[in-house]
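Just so it is clear: chains get the letters A, B, ... in the order the sequence lines come, proteins before strands, and each one is counted from 1. Values below: every heavy atom of this structure, side chains too, minus hydrogens, waters and symmetry copies.
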Amino acid sequence: MSEKYDLPKAYEFGEVEKRWYDYWMEHKTFAATMEEGKESFSIVIPPPNVTGVLHIGHALNNTLQDLLIRYHRMKGDNTLWVPGTDHAGIATQNVVERQLATENKTRHDLGREKFIERVWEWREEKGGAIINQLKRMGASCDWDRERFTMDEGLSTAVREVFVRLFNEGLIYKGDYIVNWCPRCHTALADDEVEHDPTDGKLYHLRYPYADGKGVVIVATTRPETMLGDTAVAVHPEDERYRGLHDIGIKLPLTGRIIPVVLDHHVEREFGTGALKVTPAHDRDDYEIGLRHDLERIKIMDDHGVMNENAGSYAGLDRFACRKQIVKDLEEQGYLEKIEDYQHAVGKCYRCATVVEPTTSKQWFVSVRPLADKAVQAVRDERIKIYPNTWYNTFYSWMDNIRDWCISRQIWWGHRIPAWTCQDCGELIVATTDPDVCSKCGSSSLSQETDVLDTWFSSALWPFSTLGWPEQTKELQTFYPTSVLITSFDILFFWVARMMMMGLHLMDEVPFHDVYLHALVRDKHGKKMSKSTGNVIDPLVTIGQYGTDAFRFTLTAFAAQGREIRMDEERVEGYRRFINKLWNAARFAQMHIKDSDPSIIRVADDPSALPLHHRWILSRTNETIRRVRAAMDGYNFNDIASSLYQFTWHEFCDWYLEWIKAELYGDDDQARQNGRGVLLCVLENILKMMHPITPFVTEEIWNQLPGERGTIMLESFPDESPAWQDAEADNSMDLLMGVISAIRTIRSEADVHPTAKIQASIICPNKEEQELIRSFAGAIGGMTRTEHLEIMDSGVVPDDAGYVLVDGMEVFVPLKGLIDVQGELEKLDREHKKIDKELMRVVGKLRNEKFLKNAPEAVVQKEKGKQKELETRLAKNAESVARLRKLQ
RNA sequence: GGGCGAAUAGCUCAGUUGGGAGAGCAUCGGCCUUACAAGCCGAGGGUCACAGGUUCGAGCCCUGUUUCGCCCACCA
């Protein structure tokens with residue numbers, strides 16, 4: 001905590017942020033509580049890759065989480081935010097392999113064990129840099145509970161799950177076509193393959209009939225795969241190829257005779273309507289192969305190099321082979337033509353190498369039964385998704401889900417806990433490494449070399465981080481977690497799989513709510529990318545504007561269902577807002593410094609307080625209501641705008657100005673009231689702002705009078721019925737209207753801001769008169785009005801500046817200062833506007849159906865509006881007449 | 001090809017049982033008024049993409065069109 005000091009004119013965030021974060025860490029204010037009888041609120045962080053660096057998506061994601069965490073902590077819930085990182089199999093292995101490459105080594109030079117040691121070393125030294133960056137963002141995670149998907153506890157959970165699912169028959173090993181990355185030497189899940197539109201060629205090949213009496217043209221983008229062709233497929237109802245089924249095809253270059261199969265998958269309209277079938281190297285062909293029991297000929301090895309099945313092409317790289325094949329086909333007259341062709345090419349999402357579909361033995365999870373549980377949970381609203389536009393996408397993805405390939409042929413990750421007995425061939429799957437074969441007793445066991453897909457361990461994150469499979473107090477208190485906040489692009493990678501695993505293994509949802517936020521784009525809506533050069537680095541932005549301003553900006557942008565266009569100017573704007581708050585506090589400090597802190601109690605029962613105090617408390621109450629509602633409904637932008645609007649435009653612009661006279665005056669009671677309410681409202685603002693802007697609020701909080709301590713553990717403001725005061729709201733609206741009216745007149749007539757004037761108000765309503773009269777001093781102070789005259793009725797002088805407001809006529813004699821022409825033009829514009837509006841209202845009121853169908857309140861409202869418009873029109877005419885006299 | 005979303009002030013965007021068109025920035029005018037010039041006061045600015053429909057009443061609900069964006073599946 002810091003000593004009290006006089007706040008400087010401008011808020012300096014740098015030193016403050018560091019000091020408070022250190023304080024929080026030292027005092028462990030982020031630590032979760034597990035007290036009986038309290039509500040629980042928990043979030044598990046979407047674990048960033050251990051190789052990761054904080055980007056703006058993380059910044060948004062973690063700001064929103066921290067917002068909710070701090071809010072619930074202040075509400076007094078048992079609150080836990082579990083931090084951690086993901087071992088990110090391929091990504092991390094790549095990083096270390098690159099490191100090795102600089103030493104001219106490959107992982108094979110080290111061997112598996114040494115290599116893994118090396119990865120752990122890397123992680124100790126350089127991994128998890130993002131954790132410190134999250135701290136810079138102000139994240140209030142319970143850092144003592146930081147987890148890593150490869151740490152001991154989580155590895156235990158992974159094994160436990162694998163074994164359970166295997167024993168239930170939900171994990172199996174099978175031959176299947178997978179996306180193979182020849183560079184990473186591993187299978188990739190469907191969603192780890194990115195499809196980029198790529199310029200390529202479409203080769204049209206001439207396949208001769210087996211009887212030599214004709215030729216069928218097939219098209220392909222990968223001619224080298226012809227070496228593995230085991231059929232040509234045509235549509236069963238395609239007249240052009242009737243009878244070809246019985247003849248067969250003589251495959252060029254190899255001379256193999258292959259059948260012609262009839263399959264509905266073939267599109268008759270595409271190309272010639274004939275499709276070469278390579279079951280070992282194309283997903284669709286693989287399916288066709290299964291249907292027609294075709295042979296699968298693998299023609300490449302794991303490096304993408306042609307193998308012995310490729311005959312004379314063996315040893316050639318797949319792309320070199322493609323060239324050679326095309327050349328040979330052309331020379332032998334099998335090449336019909338080559339077209340330029342743009343098509344989607346699958347690439348490895350980690351290294352961008354062109355993926356090769358190929359068959360291999362892999363481990364799979366049967367997801368159908370798991371997916372059904374997830375879908376059911378969402379249908380039953382045991383899990384709610386925000387914004388709700390994602391429901392359809394979720395369901396359609398889950399309906400089409402395929403078995404999940406979970407084995408990866410890399411070294412960094414959870415090694416699959418399965419062993420094969422070298423003697424009897426028994427497959428053993430166990431949580432602890434077996435010494436001997438359970439069937440024949442042989443000690444000659446070899447473990448699977450594959451590791452699990454990184455997402456397998458991530459899928460367990462919500463319960464593995466809480467100690468599962470042990471039955472811990474943490475699990476009991478915090479599972480299911482409250483909400484998962486993440487970006488929609490991993491809805492399927494991760495979110496859906498957590499649902500499946502949580503529901504299956506815990507028999508309970510992993511989280512009650514899912515909030516999917518948008519991707520952050522640049523201000524023109526473009527994706528941020530290094531190549532475009534439009535990347536906003538959160539750490540740079542923080543350095544320029546401060547963490548609080550940055551967090552406030554992200555919160556203000558986080559409207560549901562819309563992409564976020566990040567505009568740095570907005571950050572600057574919110575930095576000014578933070579500074580505004582700082583200065584409001586500075587103002588308060590100047591006036592309250594030496595006061596008895598007990599003065600705050602005046603706000604407890606505002607009924608006896610003057611109007612403006614009751615008004616600001618009423619507005620405070622309304623703001624509390626709005627902020628809480630927005631928090632509870634994940635309407636983050638509403639939280640930000642409510643606080644911004646209230647703090648700046650009600651509290652600072654009106655209330656602080658209003659009480660200045662009292663604070664500087666010599667009426668003790670008035671001064672005490674002002675101080676008390678001022679401090680009370682400011683404290684409420686700080687508490688409400690704290691979840692978004694933790695640093696500045698903490699610093700200010702501790703500079704206010706009295707014993708303080710961290711604001712983090714103060715209770716979040718509750719609505720207070722005693723503060724709600726509609727009458728005060730209405731009365732203040734009236735007074736503010738009068739003040740604005742006089743200001744408008746002054747400004748338009750170019751009266752110098754410091755010049756004193758006289759003003760008059762014609763106000764037929766006695767109560768309103770009384771109200772204005774009792775606040776004549778305040779009105780005078782805020783408008784530099786020396787003498788305020790209030791009349792029942794009267795005639796506005798010709799040369800007066802004039803505004804009609806709330807049925808009152810406010811005017812200021814100006815003695816020739818009026819811009820007659822300008823005023824007339826303005827009145828004319830106004831006349832047209834009123835007239836148009838009046839026509840609309842009158843039309844409505846003449847409509848019998850409207851009178852019959854509309855609610856009475858709406859009808860009355862329209863009638864009132866008509867009266868008002870008519871008055872305004874009449875007054876407008878009077879003003880015109882008045883001004884004409886001056887011309 | 002299927003699905004989803006967006007179109008509101010010059011810019012970025014709010015706008016939920018259908019009844020008042022709004023904010024910030026930018027612009028223009030005036031102010032160093034003792035918390036803040038990182039500020040204060042005031043002003044101007046919109047055919048709510050287009051065309052229909054439902055309704056007493058539509059930015060909001062329905063249909064169609066246009067433009068833009070995203071997701072999924074990719075016809076080899």
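Comparing B:C31, B:U12, B:C70 by their nearest atom to the side chain of A:F557 picks out B:U12. Of the candidate nucleotides B:U33, B:C36, B:A76, B:C36 has the atom lying nearest to any side-chain atom of A:E657. The side chain of A:R829 lies closest to B:G45, out of B:C70, B:A38, B:G45. Closest to the side chain of A:H752, out of B:C31, B:C75, B:G19, is B:C31. Residue A:R743 has its side chain nearest to B:C41 when only B:G19, B:A38, B:C41 are considered. With B:A35, B:G19, B:A76 as the candidates, the nucleotide lying closest to the side chain of A:C652 is B:A35. Considering only side-chain atoms of A:R586, the nucleotide from B:C36, B:A43, B:C75 that sits closest is B:C36.
Side-chain nitrogen and oxygen atoms of A:K660 include at least one within less than 4.0 Å of the OP1 or OP2 phosphate oxygen of B:A35. Taking side-chain N and O atoms only, A:T393 has no distance below 4.0 Å to OP1 or OP2 of B:C72.
Here A:D653 lies in heavy-atom contact (under 4.0 Å) with sugar-phosphate atoms only. Among the heavy atoms of the strands lying under 4.0 Å from A:L656 is at least one base atom, whether or not backbone atoms are also near. Looking at heavy-atom distances under 4.0 Å, A:E572 makes no contact with the nucleic acid at all. Using a 4.0 Å heavy-atom distance criterion, A:T278 is classed as making no nucleic acid contact. Among the heavy atoms of the strands, none lies under 4.0 Å from A:S641. Nucleic acid contact class of A:R746 (heavy atoms, under 4.0 Å, all strands): none. Within 4.0 Å of A:N847, counting heavy atoms only, lie sugar-phosphate atoms of the nucleic acid but no base atom. Across all strands, A:S396 comes closer than 4.0 Å to no nucleic acid atom at all (heavy-atom distances).
Under a 4.0 Å N-O distance rule, the pair A:E339/A:K337 qualifies as a salt bridge. Note on A:K833 versus A:E830: no salt bridge recorded, every NZ/NE/NH1/NH2 to OD/OE distance being 4.0 Å or above. The residues A:D340 and A:K201 are annotated as salt-bridged, a charged nitrogen and a carboxylate oxygen being separated by less than 4.0 angstrom. Salt bridge present: A:E336 and A:R206 bring a charged side-chain N and a carboxylate O closer than 4.0 Å. A salt bridge links A:E862 to A:K844: at least one charged side-chain nitrogen sits closer than 4.0 Å to a carboxylate oxygen.
Atom pair A:Q589:CD and B:C36:P shows a separation of 13 Å (rounding to whole Å applied). Distance CD1 (A:I639) to C1' (B:C13): 17 Å, rounded to an integer number of Å. Distance A:L275 CG to B:A76 P: 10 Å, rounded to the nearest Å. In this entry the distance linking CZ of A:F493 with C1' of B:C72 reads 13 Å, nearest Å. Following rounding to the nearest Å, A:F587 (CZ) and B:A35 (C1') show an atom-to-atom distance of 7 Å. Atom CG of A:D6 and atom P of B:C36 are 13 Å apart (whole Å). For the pair A:D828 CG and B:G44 C1', the interatomic distance rounds to 16 Å; values are reported in whole Å.
Mapped onto RNA chain B by nearest heavy atom, A:N853 and A:D282 fall at different nucleotides, with A:N853 at the one closer to the 5' end. Each of A:D638 and A:S740 has a nearest nucleotide on RNA chain B; the 5'-most of these lies closest to A:D638.
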Going 5' to 3' through nucleotides 20-29 of chain B and flagging B where a protein heavy-atom sits under 4.0 Å of the base, S where only the sugar-phosphate is that close, and - otherwise, we get S---SS---B
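For A:K9 against B:C36, no side-chain N or O and base N or O form a donor-acceptor pair under 3.5 Å.
Nucleotide B:A43 is matched to B:U27 when pairs are restricted to Watson-Crick or G-U wobble geometry with both distances under 3.5 angstrom. Figure legend. B:A6 is base-paired to B:U67; pairs are counted as Watson-Crick or G-U wobble with both atom distances under 3.5 Å. In this structure, B:G1 forms a base pair with B:C72, meeting either the Watson-Crick or the G-U wobble geometry with both donor-acceptor distances under 3.5 Å. Nucleotide B:U33 is matched to nothing when pairs are restricted to Watson-Crick or G-U wobble geometry with both distances under 3.5 angstrom.
Annotation: cation-pi pair A:R619/A:W648 absent, no NZ/CZ under 6.0 Å from the ring centroid and within 45° of its normal. The side-chain tip of A:R570 points at the ring of A:F557 from less than 6.0 angstrom away and within 45° of straight on.
With no hydrogens or angles considered, a side-chain donor-acceptor pair links A:Y207 and A:D229 at under 3.5 Å. In summary, the side chains of A:Q860 and A:E856 do present a donor paired with an acceptor at a separation below 3.5 Å, with no hydrogens or angles considered.
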Decide yes or no on salt bridge (charged side-chain N to carboxylate O under 4.0 Å, His left out) for A:E356 and A:R222, but give the supporting numbers first. CA-CA 11 Å; A:E356 192 66 40; A:R222 297 184 298 152; 3.0 Å; yes
